[in-house]
Amino acid sequence: MPDYSNLAIAAALDELGDLYELDGAVIHRVLAYRTAARAIRDAPMSVGALAREGRVTELPGVGRTLEEKILALLDTGSIPAAEKLRARFPPGLMDLTRLPGLGPKRARQLFDQLGIDSLDALREAAEGQQLRGIRGFGPKFERTVIEALDAGLGEQPAPRVLLPRALGLGEQIRDELRAHHAADRVELAGSARRLADSVKDLDIIATATDPAALAAALGELDVIESASVAGPNAGRARTHNGMPVDLRVVEPGQFGNLLQHFTGSAAHNVALREAAVRRGLHVSEYGILDDASGETLHCETEEGVYERLGLAWIAPELREGRGELAAAANGGLPARLIEVSDLRGDLHMHTTASDGRNSIEQMARAALERGYEYIAITDHSATHGFGNDVSPDELRAQIEAVAEVNARIEGIEILAGSEVNILPDGSPDYDDELLAALDWVIGSVHTSFGIGEAEMTKRMVAACEHPYIDAIGHPTGRKIESRAPYAVSIDALVEAAARTGTMIEINSAPDRRDLNDVHARAAHDAGVRILVNSDSHGVSTLSNVRWGIATARRAWLGRDDVANALPWARFAPLRKRAR
DNA sequence: GCCGTTTTCGGCCCGACTGTTTTCAGTCG
């Protein structure tokens with residue numbers, strides 16, 4: 001039976017939380033829905049299946065009531081409470097709450113008293129100066145609301161940009177501020193520091209000999225389009241491509257508190273503070289207040305903040321409220337997260353034989369320069385389409401070409417491989433004899449994304465069971481911020497991969513990072529060997545492994561947890577054909 | 001609505017800003 005994806009279940013609970021909030025429910029009840037939605041979105045297993053087994057309350061934040069609602073959604077396709085509330089609150093009401101300064105409470109006031117149920121109705125009322133008649137609203141609000149509507153706010157959620165672009169901007173701003181004469185320490189915080197998939201705004205934390213001068217300097221940078229001063233020690237700006245930037249300057253003695261606070265995530269900080277309260281401590285961006293002594297502890301470093309709370313320092317990539325606090329309290333954090341320099345090989349790349357831009361030799365020499373001991377040349381297979389597929393005869397020629405380059409270049413093992421299409425029935429698109437002649441095979445899905453979860457799962461499990469498919473490439477097909485993952489049971493895929501010794505890659509293309517962090521962590525925990533591959537289509541993108549490594553770090557992986565961080569002698573026998 | 005090395009009931013992170021308000025609720029990060 002077709003089940004609801006975790007994303008769909010989480011979206012339904014988020015919507016219900018929003019509706020309850022409009023309905024005036026106590027905020028903690030609303031937050032309970034959002035917390036549960038987040039736990040479900042993050043869950044590495046199928047929550048639908050978990051619910052049917054009667055185990056969904058094992059998820060943190062999901063109790064009896066939410067279990068009942070999830071089961072109603074699975075069984076009937078809707079949640080009765082949501083139906084009821086949807087009938088009372090028009091969908092346009094949620095659009096209103098996306099405008100700055102307009103939350104659920106005030107949107108509800110406008111709806112109740114003026115019948116405003118859409119952005120258009122709001123504009124009409126604001127232009128007609130009708131809003132000022134309502135308690136709590138005035139002429140200023142009418143003006144700002146019209147400005148916001150003119151700017152197109154409210155029509156869609158604020159855009160998020162991919163990490164590489166955000167990090168590039170953030171590091172540039174950080175470095176230019178560091179070069180300013182008033183600057184002392186300057187660090188990038190926020191989701192960019194956590195190396196998240198995408199970033200909404202840039203947070204920069206600094207100490208300075210002259211805070212006002214540094215705050216003013218932000219507005220003078222070339223990348224900045226507009227800026228305003230936000231208090232004596234803060235600046236707010238927008239880059240030319242619309243990315244908001246916040247700068248906060250503090251006393252050196254509080255730098256650790258502020259950096260910790262602004263690195264987040266929100267979930268991490270909330271969990272951290274709740275745990276602190278239980279010990280009589282109150283954590284804020286300014287310090288740690290001790291109930292017992294009445295004193296506030298200021299920390300120069302982040303390590304100091306965590307230490308005062310009885311915790312080991314937590315790498316920013318782990319700060320997502322996914323169990324890192326418990327691990328930091330009991331010595332359960334990874335001793336050392338993997339780094340780019342740990343990689344010894346790259347098992348997924350393309351050449352001019354398919355849609356790459358460089359030759360086998362060029363790719364090999366570039367890989368050698370990166371210090372790799374081995375690479376696999378994995379051009380697209382026979383049915384790729386787009387005019388750049390490799391016929392069986394062409395692949396045989398490619399095998400010889402790889403062997404020739406491999407014999408000629410010292411210091412690196414070049415594997416003749418292929419990125420084969422996994423056909424809808426789960427079979428690869430070369431015959432077994434040809435696959436057996438290769439050194440390495442990645443299986444990927446490039447077509448028929450919409451066949452449904454059951455079929456897709458069967459397809460990918462069959463690929464894992466194939467004797468010559470060594471690894472699964474970009475296993476969910478997601479494109480961050482642009483294409484949802486196709487429906488597939490990650491649990492079943494991971495189980496099949498573990499059972500058959502099939503590796504799963506974290507594809508490092510910056511818009512893929514697929515597997516994602518939570519799935520990669522779950523796959524590793526289930527005994528699957530994880531690869532971090534570039535999927536590069538030219539020498540210049542071999543360095544994309546930086547983004548795959550970011551995801552691996554967010555998956556709590558160390559060097560020993562990533563197969564292609566092994567030396568060739570230990571990696572080679574892990575291939576199916578070598579066993 | 002969830003949850004429990006004080007609790008099965010009564011809590012649930014913290015602070016700044018805003019516009020409107022005579023002391024603050026709502027919003028935001």
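By convention in this document, chain letters (A, B, ...) are assigned in the order of the sequence lines, proteins followed by strands, and residues within each chain are numbered from 1.
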| When we call it a touch if two heavy atoms are under 4.0 Å apart, what does A:Leu99 touch: a base, just sugar-phosphate, or nothing? | sugar-phosphate

When rounded to whole Å, the CG to C1' distance for the pair A:Leu59 and B:dG1 reads 15 Å

Give me the distance, rounded to whole Å, that separates B:dC13 from B:dC3 when you measure between the P atoms they each carry. 14 Å

Partner of A:Tyr33 under side chain to side chain contact (heavy atoms under 4.5 Å, CB included), picked from A:Asp14, A:Leu66, A:Asp18, is A:Leu66

Counting primed atoms, P, OP1 and OP2 as sugar-phosphate and everything else as base, the B/S/- map of nucleotides 13-22 of chain B against protein heavy atoms under 4.0 Å is BBSS--SSSS

Query raised in the report: Hey, does A:Leu272 reach any base, or is it just sugar-phosphate, or nothing, if we go heavy atoms under 4.0 Å?
Result: nothing

Taken to the nearest whole Å, CZ/A:Arg64 to C1'/B:dT8 is 14 Å

Rounded to whole Å, the CG-P distance (A:Leu16 to B:dC2) equals 11 Å

What contact category does A:Arg278 fall into here, base, sugar-phosphate, or nothing, at under 4.0 angstrom with non-hydrogen atoms?
nothing

Original post:
If you measure from the P atom in B:dT7 to the same atom in B:dG1, how many Å do you get, rounded?
Top reply: 25 Å

With a non-hydrogen cut-off below 4.0 angstrom, is A:Val62 in contact with a base, only sugar-phosphate, or nothing? sugar-phosphate

To the nearest angstrom, the CD-P distance between A:Glu21 and B:dC28 comes to 10 Å

Of all heavy-atom pairs linking A:Asn6 and A:Ala43, the shortest is ND2-O, 3.2 Å

inquiry  = What's the gap between B:dC12 and B:dT6 when it is taken at their P atoms, as a whole Å value?
reply    = 15 Å

Separation of B:dC28 atom P from A:Arg236 atom CZ, nearest Å, is 12 Å

- Mind checking A:Lys69 for me? I need base, sugar-phosphate or nothing, with any heavy atom below 4.0 Å counting as a touch. sugar-phosphate

Atom CD1 of A:Ile40 and atom C1' of B:dC2 are separated, to the nearest Å, by 13 Å

Here the distance between atom C1' of B:dG26 and atom CG of A:Leu31, to the nearest Å, is 14 Å

Under a 3.5 Å cutoff, is there a donor and acceptor pairing between the side chains of A:Glu225 and A:Asn241? no

When A:Gly63 and A:Pro104 are each assigned the nearest nucleotide of DNA chain B, the 5'-most assignment goes to A:Gly63

For B:dG15 versus B:dC9, give the span between their C1' atoms, rounded off to a whole number of Å.
29 Å

Expressed in whole Å, how much space separates the P atoms belonging to B:dT21 and B:dT27?
-> 15 Å

| message | Between A:Arg513 and A:Thr551, do the side chains contain a donor N or O and an acceptor N or O under 3.5 Å apart? | response | yes

For this session: Take the angle between the ring planes of A:Phe111 and A:Phe89 and call it parallel below 30°, perpendicular above 60°, tilted in between.
Result: perpendicular

pair_partner(B:dA16), Watson-Crick or wobble, both distances < 3.5 Å, evaluates to B:dT27

When rounded to the nearest Å, what value does the distance between P atoms of B:dC28 and B:dT23 take? 25 Å

Worksheet item: OP1 or OP2 of B:dC2 less than 4.0 angstrom from a side-chain nitrogen or oxygen of A:Thr65, does that happen here?
Response: yes

Is a salt bridge present between A:Asp197 and A:Arg160, judged by a nitrogen-to-oxygen distance below 4.0 Å? no

**OP:** Determine the interatomic distance between C1' on B:dG26 and the same-named atom on B:dT20; round to the nearest Å.
**Re:** 11 Å

* Looking at A:Phe141, does the NZ or CZ of A:Arg132 lie under 6.0 angstrom from its six-membered ring centre and within 45 degrees of the ring axis? -> no

Separation of B:dC2 atom P from A:Leu13 atom CG, nearest Å, is 10 Å

Heavy-atom closest pair (A:Val494 atom, A:Ala526 atom, distance to 0.1 Å) is CG1-CB, 3.4 Å

